[in-house]
Amino acid sequence: MNDSGTFWLPEAASTVAAEVDGLFYFVYWASAIIFVGVVAAMIYLAYKYRRRDPNDRPEPVEESRLLEISWIVVPTILVLLVFTWGFQTFVTLQTAPPNAYQIQGQAYSYGWNFEYPEGAQTTDELYLPADRPVQVRLSSREGDVLHSFYLPQFRVKQDVLPNRYTSVWFEATEPGTYELFCTEYCGVGHSQMLGEVNVLPADEFDEWVAEAGINEDELSLVELGELQYQRNGCQGCHSLDGSAMAGPTFQGLYASERAFADASSVEADENYLRESIIEPDAKVVEGYGSGIMPSFAHLSERDVTALVEFIKEQQ
Amino acid sequence: MEAAAHAASQTDAEPRTYLNHETSLWEWLTTKDHKKIGIMYLISLAVVFLVAGLLAMAVRLELMSPDFSIMSASQYNQTFTMHGIMMVFLFIVPSIPAILGNFVLPLQIGAKDVAFPRLNLASWYVYIAGGALTVTALLVGELSTGWTFYTPYSSQQGTAVIFMTGAIFVSGFASIFTGLNFIVTIHKMRAPGMTWNRLPLFVWGLYATSIVQVLATPVVGITMLLLILEQTLQIGIFDPALGGDPILFQHFFWFYSHPAVYIMILPAFGILSELIATFSRQRIFGYRAIALSSVAIAMLGFLVWGHHMFVSGQSAISSIVFSLITYLIGIPSGIKIFNWIATMYKGSVWLQTPMLYALSFLFLFTIGGLTGIMVGVLGVDVHLHDTYFVVGHFHYVMMGGSVIALLGGMHYWWPKITGRMYNETLGKIAAGLVFVGFNVTFFTQLVLGSQGMPRRYYEYVDRFAELHMISTIGSFILASGLFLVLGYALHSLFYGKKAPQNPWAAATLEWTNVAAIPDPHNFTSTPLVTRGPYDFHKADEVFGGSGDGQARGDGAGSDASRLAPPEAAPSAPKEDASA
Ligand code: HEM
Ligand SMILES: [Cu+2]
């Protein structure tokens, strides 16, 4: 990111950003003028008519119709102007050009998966072509909560729901790296649900997307397990280096003795790992809460096995 | 025994006041005196405000820098959740009506009490029951939904949510009781001569508020009930996993919570009118516009809830309509600001602490309103929604508006409530600290938000670090101001100078016709109202009639005992005793 933002707004990197910023600054300056007027009038009057004697008995002031009407009419006009402008920008934000490049986005607690028409898939990284309109169709995973897809440098935001699709479109103007934030509160990992947006010049993007398509059938089980570990967001809660996160680390997990809250314990063999993926609350390791990890019963048999093999590798 | 001693001493020395009458704990807990109920609310709400405020300090401390940490992510989420819930549902919504409304409303309209004193007492108990349920919620589990309880997250959080939503359901009745009581009181209990055009604007504000309380609160009650039913019976209403619709929850929630912002701000508008008029000694400029626009805002306020949902996935057409109505409702608020400022014109502006708060309000609420316009702009709100800009906006209106007005009102009516003056110098210092601290804390949050900082984040990227640090420093200045207020308020209770009957030379009945510390029955004889609430030019009694330099308007500085009791407004002809 090159730091070319203003005092109020971050760098602008999409076509709508310029329009939104113009509107923001129009409202801002109009507000600033009104505000300065209000405060100046307040200070002036408070000083000019300050109390000089406890016995001051000012004459009552007659209201001025003209004044009252003018301070109704002028703000009304201003506000209608701003509404109309905001409305037009909103329509632009809502109407994707018909030729927009389509990306599927799936949100989960706590991460983002993207899938490109050419078959490429990424996690927490969104690759975009510059100067080409892009539409991202969003949904949240089945049984998951609300999230929101926010690109501050692009000035776009769209809530992501578990039971239906929503979509957002934009056109990146500058190659570079930008931020993706989740802006709908979603739980302990909300502030870690970040992504990186990489805008590439159009030709580089085409190259990238052609290469990035992976054929899962050609991967070994451990490789596939690693891919699934990232894709399903396991890394949001389970580290590989022994550090504690919302869930237990995978390092040294296999074949270790697991102690549960009810004082029972069991060795973490393949079947235990499998159960923990498919039915996480069946046994909850001491010190962790139940109901935190979602079930991954929807994964295919091969994917689950791959995950188990991957965890076994983490010694 | 103590009570007996009191009774003995009061007959010869002190006059009977509501504070030395029926003083045992039991008599307080069963009192039907609106003034005592107001004080019971004051104490309960002060505790809530203190706890919720400390939680806010914990949040600010956690966010002070990216690497500094005092709690885990899950504790952080619980902290801001409880801060929000307590501040909104248990503090600001009840605050001004329950404390100052209860205490002042009957005095201002010349009534002996509210229309339904028992219902009034019941409202306090219901509120306390809500508080007890809140504590239960904290004991049974973790509550981390945010004050908005958005589904399906909240549907997955277990029993704490059920108790907390239960608490909101229950404490909603306290609001409804108060609202009903005030509406009937204002319609039926006004003193002779107290026409609608002579009602103090605080009463108008409370009237408009009460309408919203009675109409809107049942909706949040029902929403909370549906949330509970969904979780206990597993019927799908809001949770998509059960076949419900999360957006429906948002519609229900904001259908209450937008009008609720008017429950918070309309009484504050009312206080502001009292302060500006009294401390400018001028008639409120555009009395009618202010009175009627409050009622208009109360009504229109029901039609804009969708402006909280511009990016939720609701239809674009609804967003557009909601944006338009949002603007139309912003205009009356702007007009009020202009009216208050114009009121100072050719007045006699006395910068005592309550007036400093009133001027702070004008400054802060203007920023709050203008940032409201900013987030109401469809295209811009897409960028600003759910960032710190919104956090900044609503703190400017709720804290910079409602809480500042409440502080101003508390200082203004403190002498009437306690019979003591507070320390004016400390009062001014605290008002300054609060003003500076508030702006340092929340103006930076406006910038943070427009720069893209999302709200409810436990961690944040480095480019926000500086502004977060400034905001945290501001919150310490703000807190020091508020603790100073607490300190000198407690001091004044015991050591404050005795307050005269009308230290501010105000012209409304609670100052002109009620003793320094009110009688248990407020008025010794029913007042007959012959002028408007701010007709200082007709209010001879306020100035001691002759204007001979013995003004009573300066009670804060002068020796109260020197002043003869003012001539009260004439009494109404004696009514039938049973009336
Ligand atoms: C000129 C008047 C006002 C306008 C035009 C206005 C407009 C708005 C808009 C459009 C939003 C939604 C922003 C978003 O979520 O993206 C909002 C949020 C909010 N406003 Fe206002 N507002 C005004 C006054 C007030 C007042 C008087 C209060 C309360 C005393 C208030 C309290 C709130 C709160 C609490 C929220 C955010 C709630 C949340 O998301 O947690 N507003 N306002
Ligand atoms: Cu609203």
Residues B:R463 and A:E179 bridged, charged N to O under 4.0 Å: yes
Heavy-atom side-chain contact between B:I341 and A:L45 under 4.5 Å: yes
B:S348 and A:D56: side chain donor to acceptor below 3.5 Å: yes
Chain A contact via B:E459 - side chain, backbone, both or neither, heavy atoms under 4.5 Å: both
Aromatic ring pairing B:F389/A:W8, orientation class (parallel under 30°, perpendicular over 60°, tilted between): perpendicular
Non-hydrogen side-chain atoms of B:L351 and A:R51 separated by less than 4.5 Å: no
Check: B:S323 and A:F87 side chains under 4.5 Å, non-hydrogen atoms: no
Side chain to side chain contact (heavy atoms under 4.5 Å, CB included) between A:F181 and B:V461, intermediate numbers included: CA-CA 10 Å; A:F181 292 143; B:V461 298; 4.2 Å; yes
Residues B:D381, A:K157: salt bridge by 4.0 Å N-O rule: no
Inter-residue atom distance B:I335.CD1 - A:I72.CD1, 0.5 Å rounding: 4.0 Å
4.5 Å side-chain heavy-atom contact, A:K48 and B:M344: no
N-O pairing of A:E62 and B:R283 below 4.0 Å: yes
Heavy-atom side-chain contact between B:F536 and A:R57 under 4.5 Å: no
B:Q451 (side chain) donor-acceptor with A:P152 (main chain) under 3.5 angstrom: no
Which portion of B:T151 sits near chain A, non-hydrogen atoms under 4.5 angstrom: backbone
Proximity breakdown for B:R456 and chain A, heavy-atom pairs closer than 4.5 Å: both
Side chains of A:F90 and B:I320 in contact at under 4.5 Å (non-hydrogen atoms): yes
A:Y185 ring center within less than 6.0 Å of B:F80 ring center: yes
Side-chain heavy-atom pair B:L362, A:V39 within 4.5 angstrom cut-off: no
B:N339, part contacting chain A, at a heavy-atom distance under 4.5 Å: both
Whether A:H190 and B:Y457 hold their rings parallel, tilted or perpendicular, with breakpoints at 30° and 60°: perpendicular
Residues B:H385 and A:Y150: side-chain donor-acceptor under 3.5 angstrom: no
pair A:T89-B:L378: side-chain heavy atoms closer than 4.5 Å: no
Parallel, tilted or perpendicular, as decided by the 30° and 60° cut-offs, for the rings of A:Y49 and B:Y345: perpendicular
A:Q158 side chain vs B:V311 backbone, donor-acceptor pair below 3.5 Å: yes
Largest heavy-atom contact set with chain A, pairs under 4.5 Å, which of B:D535, B:I367, B:I337: B:I367
Chain A contact via B:Q314 - which portion, at a heavy-atom distance below 4.5 Å: neither
Interface moiety of B:I317 toward chain A, non-hydrogen atoms closer than 4.5 Å: neither
